[in-house]
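As structure tokens, the structure follows; a few thoughts come after it.
First listed ligand is number 1; within each ligand, the first listed atom is number 1.
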Amino acid sequence: MREIVVTGGAGFIGSNFVHYVVKNQPDVFVAILDKLTYAGNARNLEGLPNDRHKLVPGDICDAELVDNLLEKADAVVHYAAESHNDNSLSDPSPFVQTNLVGTYTLIEAARKKGIRFHHISTDEVYGDLPLRDADGNSESFTDTTPYNPSSPYSSTKAGSDLLVRAWVRSFGLKATISNCSNNYGPYQHIEKFIPRQITNLICGVRPKLYGSGENVRDWIHTNDHSSAVWKILEEGRIGETYLIGADGEKSNKEVIELLLKLFGKSPDDFEHVNDRPGHDLRYAIDSSKLRAELGWTPEFTDFEKGVEETINWYKTNEDWWRSQKAEVEAKYALSGQ
Ligand code: NAD
Ligand code: TDX
């Protein structure tokens with residue numbers, strides 16, 4: 001591959017992938033298509049050499065722009081999405097537009113040009129799982145788990161996965177799909193759980209836990225997500241779905257207690273706030289197919305160390321998030337969160 005298009009490459013996970021490719025694949029040029037919504041930030045691409053990447057500001061729903069951009073490309077890696085569940089509950093419309101119409105626009109262009117397509121998706125398309133029993137046993141999501149999404153966000157992601165699957169079968173689109181668990185790391189928007197609490201603590205505000213906090217998320221460091229996606233892009237079988245996860249299950253309460261510990265605070269120094277409507281209880285990924293078939297393994301297996309490094313990043317990069325903090329919190333205050 002000489003040139004790839006990365007949609008949403010100015011967002012949290014997409015920009016991590018762009019840095020990963022520029023660092024590890026010296027012959028690949030990366031064209032980034034990003035609408036630079038509230039969640040996109042050209043600063044996430046700082047430090048990348050100009051002869052290795054270009055940022056094209058624009059909408060994935062713009063068919064003419066997409067057609068032109070794919071002219072020289074060998075592959076598309078599709079990250080662009082509206083990505084926050086809470087936003088999808090207050091206004092679903094951009095989720096339908098970007099996640100469904102945007103994905104449709106891209107796969108139409110990719111199939112006409114016959115180029116490789118990788119679709120980035122989420123474990124949330126499978127709905128949620130029961131908590132583990134007293135012996136720690138429970139099921140995990142696999143690529144055969146039936147789709148059962150709960151929110152406007154996860155249902156539009158599920159719909160986009162189904163479009164890609166249908167385009168593979170009906171039109172021979174050379175596509176793969178990956179469904180990853182919750183990412184953490186630097187550059188994550190402060191509306192999301194971990195950076196919201198880190199920036200609360202930096203500001204001297206108590207962390208906010210939805211409901212009882214027993215909900216479980218399966219955390220993976222963004223760098224590990226990026227290495228898995230590159231593996232699938234190069235070696236994945238066309239038409240296949242790969243689940244990406246790093247065995248990182250933690251309840252939200254455990255995560256808040258860890259953050260409080262790392263800030264030198266008492267474990268109960270947080271606030272219970274209104275729960276999210278339709279709040280998924282537990283996500284857990286079985287990534288054995290990806291590991292066995294493609295030989296991928298995560299590098300960041302020490303969650304506490306990864307979170308500590310993430311805290312340090314937010315402490316030393318206040319200018320990256322400070323100007324958005326008041327607005328993000330004002331929006332949460334409207335829903336008692
Ligand atoms: P993000 O919100 O940080 O970034 C999304 C990016 O997409 C932004 O740069 C934004 O400007 C861009 N974008 C939005 N609408 C666009 C449009 N119409 N045209 C062009 N660009 C547009 O999201 P993220 O957390 O980095 O997630 C990236 C992808 O990974 C999404 O597809 C998401 O569903 C998936 N995912 C995220 C997680 C997670 O934990 N955050 C886990 C699994 C999968
Ligand atoms: O202030 C908060 N307090 C809280 O308890 C926030 C913002 C969240 N939460 C809870 C809700 C979830 O159980 O923390 C958990 C994580 O919340 P989010 O960061 O909003 O993530 P989640 O809804 O799990 O979805 C994320 O992972 C899957 C990403 O945002 C999605 O894009 C991805 O698909």
In terms of atom number and element, which parts of ligand 2 are under 4.0 angstrom from non-hydrogen atoms of Y153? 31 (C), 32 (O), 33 (C), 34 (O)
Under 3.5 Å, side chain of Q197 to main-chain N/O of K208, donor-acceptor pair present? yes
Can the ring centres of Y38 and H189 be said to be less than 6.0 Å apart? yes
Sub-4.0 Å atoms of ligand 2 with respect to non-hydrogen atoms of L209: 5 (O)
Under 4.0 Å from one or more heavy atoms of T122, ligand 2 contributes atoms 28 (C), 33 (C), 34 (O)
Set of residues satisfying side-chain hydrogen bond (donor to acceptor under 3.5 Å, both in side chains) with respect to H53, sequence neighbours excluded: none
Ring centres under 6.0 Å, that's the criterion: do F12 and Y187 meet it? no
Counting from 1, what ligand 2 atoms have a heavy atom of H84 closer than 4.0 Å? 20 (O)
Considering only heavy atoms of E191, which atoms of ligand 2 have at least one such atom less than 4.0 Å away? 7 (C)
Tell me which one of F12, F270, Y283, Y332 gets a heavy atom nearest to atom 7 (C) of ligand 2. Y332
Evaluate the ring planes of F95 and Y153, with Trp represented by its six-membered ring, and classify them as parallel (under 30°), tilted (30 to 60°) or perpendicular (over 60°). perpendicular
Closer than 4.0 Å to some heavy atom of H279 - which atoms of ligand 2 meet that? 11 (C), 12 (C), 13 (O)
Does F270 have R206 sitting over its ring (NZ/CZ under 6.0 Å from centre, angle to axis within 45°)? no
For ligand 1, find each of its N or O atoms that sits under 3.5 Å from a protein N or O atom, and tabulate the pairs with distances to one decimal place.
unit_1: ligand 1; atom_1: 2 (O); unit_2: S83; atom_2: OG; d: 2.7
unit_1: ligand 1; atom_1: 3 (O); unit_2: F12; atom_2: N; d: 3.2
unit_1: ligand 1; atom_1: 9 (O); unit_2: G11; atom_2: N; d: 3.0
unit_1: ligand 1; atom_1: 9 (O); unit_2: D34; atom_2: OD1; d: 3.2
unit_1: ligand 1; atom_1: 9 (O); unit_2: D34; atom_2: OD2; d: 2.6
unit_1: ligand 1; atom_1: 11 (O); unit_2: D34; atom_2: OD1; d: 2.6
unit_1: ligand 1; atom_1: 11 (O); unit_2: L36; atom_2: N; d: 3.4
unit_1: ligand 1; atom_1: 11 (O); unit_2: T37; atom_2: N; d: 3.0
unit_1: ligand 1; atom_1: 11 (O); unit_2: T37; atom_2: OG1; d: 3.1
unit_1: ligand 1; atom_1: 18 (N); unit_2: D59; atom_2: OD1; d: 2.9
unit_1: ligand 1; atom_1: 18 (N); unit_2: T98; atom_2: OG1; d: 3.0
unit_1: ligand 1; atom_1: 19 (N); unit_2: I60; atom_2: N; d: 3.0
unit_1: ligand 1; atom_1: 21 (N); unit_2: K35; atom_2: N; d: 3.0
unit_1: ligand 1; atom_1: 23 (O); unit_2: S83; atom_2: OG; d: 3.2
unit_1: ligand 1; atom_1: 26 (O); unit_2: F12; atom_2: N; d: 3.4
unit_1: ligand 1; atom_1: 26 (O); unit_2: I13; atom_2: N; d: 2.8
unit_1: ligand 1; atom_1: 32 (O); unit_2: Y79; atom_2: O; d: 2.9
unit_1: ligand 1; atom_1: 32 (O); unit_2: K157; atom_2: NZ; d: 2.7
unit_1: ligand 1; atom_1: 34 (O); unit_2: Y153; atom_2: OH; d: 2.6
unit_1: ligand 1; atom_1: 34 (O); unit_2: K157; atom_2: NZ; d: 3.1
unit_1: ligand 1; atom_1: 40 (O); unit_2: N183; atom_2: N; d: 2.9

Pick from Y210, Y184, W219, F193: the one approaching atom 19 (O) of ligand 2 most closely through a non-hydrogen atom: F193
Out of L173, L162, T103, L106, which residue meets the side-chain contact (heavy atoms from CB on, under 4.5 Å) rule with W167? L173
Between K192 and ligand 2, which residue portion shows a heavy-atom distance shorter than 4.0 Å: side chain, backbone, both, or neither? both
Within 45° of the ring axis of Y210 and under 6.0 Å from its six-membered ring centre, is that where the NZ or CZ of R276 lies? no
N or O contact, Q197 vs ligand 2, cut-off under 3.5 Å: yes
